[in-house]
Amino acid sequence: MLYERLKSIQEWLLPGTCMLCGVRIGTQQAFCADCELALPRVTDACPQCATPMAHSDSSGQRCGACQKRPPVFSRTHALYRYARPIDGFVQALKYGHRLELARVFGQHLAEALAPRVVGSVDLIVPVPLHRARLRERGYNQSLELARPIAARLSLPLDYRCLWRTRPTAPQASLALAERQRNVRGAFAAAPSVAKLRVAVVDDVMTTGHTVNAAARSLHVAGAKDVQVWVLARA
Ligand SMILES: [Zn+2]
Ligand SMILES: [Zn+2]
């Protein structure tokens, strides 16, 4: 289990030490320069869905899937691939109550987004949990990631304008073919998003069905544009 493995590196969050290798660094950073460089950053990807593409294919071209059946959202910015060690951090954030990771990675995501999204978004909206799931977990990791992003980019954050209309099975527990049906119509959005350009924030994007269902309900409520910002792309 990923989470079990993380328990063996409990000491990663001593202030002033690298979260991965433990060497001493400045207190403002999370990783030493070497570990930072080794993180699995998304480099060449489809601009619409952030699916990784070979360098020669990715000169601004959308992937075949997006050309055939375009998603409802217009762009996706993903910072990392969902691979080691990012997968472990995401699991710890989601299931291990390591909320401080949301601050660390929210700031990383915001730094990467700042030069790319300036002037293209009016409102940040985290992907909501159903209230039963929220009660069980105690927090929404997407909202916790979105907070430092909104602060860094000086954009308003609204976690009430998009909600789940029914509980759904965890996407990770389902076969790929069942995931679209699982989240279809599972969201609704308030008319306050009308005419706005919205950025939906989530921790991980796998098939994209969840963010697509969320984006669809934002469009139904009148949003002018929806883009997706995720920490990790599977
Ligand atoms: Zn390190
Ligand atoms: Zn694509």
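Fair warning: this is a prediction, and the values are worked out from it, not measured in the lab. Just so you know, ligand 1 is whichever comes first in the structure, and atom 1 is the first atom listed for that ligand.
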### Message
Is it the case that the side chain of Y139 and the backbone of H97 share a donor-acceptor pair, with hydrogens and angles ignored and the cut-off at 3.5 Å?
### Response
yes
### Message
If only side-chain N and O atoms count, and only distance matters, is there a donor-acceptor pair under 3.5 Å linking Q171 with R179?
### Response
no
### Query
With no hydrogens and no angle check, do the side chains of E136 and H130 hold a donor and an acceptor under 3.5 Å apart?
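No - no donor-acceptor pair under 3.5 Å links their side chains.
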Hey, any chance [X] and [Y] share a hydrophobic cluster, counting ILVMFWY side chains that come within less than 4.5 Å of each other, even indirectly?
{"X": "L101", "Y": "F31", "result": "yes"}
{"X": "V104", "Y": "L99", "result": "yes"}
{"X": "L145", "Y": "F73", "result": "no"}

### Task
Everything protein-side that's N, O or S and under 2.8 Å from the Zn ion (ligand 2): list it, residue and atom.
C46 SG, C49 SG, C63 SG, C66 SG
### Query
Which protein N, O or S atoms lie under 2.8 Å from the Zn ion (ligand 1)?
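Only C18 SG, C21 SG, C32 SG, C35 SG fall inside 2.8 Å of the Zn ion (ligand 1).
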### Query
Is the shortest heavy-atom distance from the side chain of P85 to the side chain of M19 under 4.5 Å?
no
Pairs under 3.5 angstrom only: tabulate donor-acceptor contacts from the side chains of residues 227-234 to other protein residues two or more places apart or in another chain.
{"unit_1": "Q227", "atom_1": "OE1", "unit_2": "W229", "atom_2": "NE1", "d": "2.8"}
{"unit_1": "Q227", "atom_1": "NE2", "unit_2": "S120", "atom_2": "OG", "d": "3.3"}
{"unit_1": "R233", "atom_1": "NE", "unit_2": "C49", "atom_2": "O", "d": "2.7"}
{"unit_1": "R233", "atom_1": "NH1", "unit_2": "T206", "atom_2": "O", "d": "2.6"}
{"unit_1": "R233", "atom_1": "NH2", "unit_2": "C49", "atom_2": "O", "d": "3.1"}

### Any residue meeting side-chain contact (heavy atoms from CB on, under 4.5 Å) with A146, in chain and number order, not counting sequence neighbours
I124, P126, L157, V201
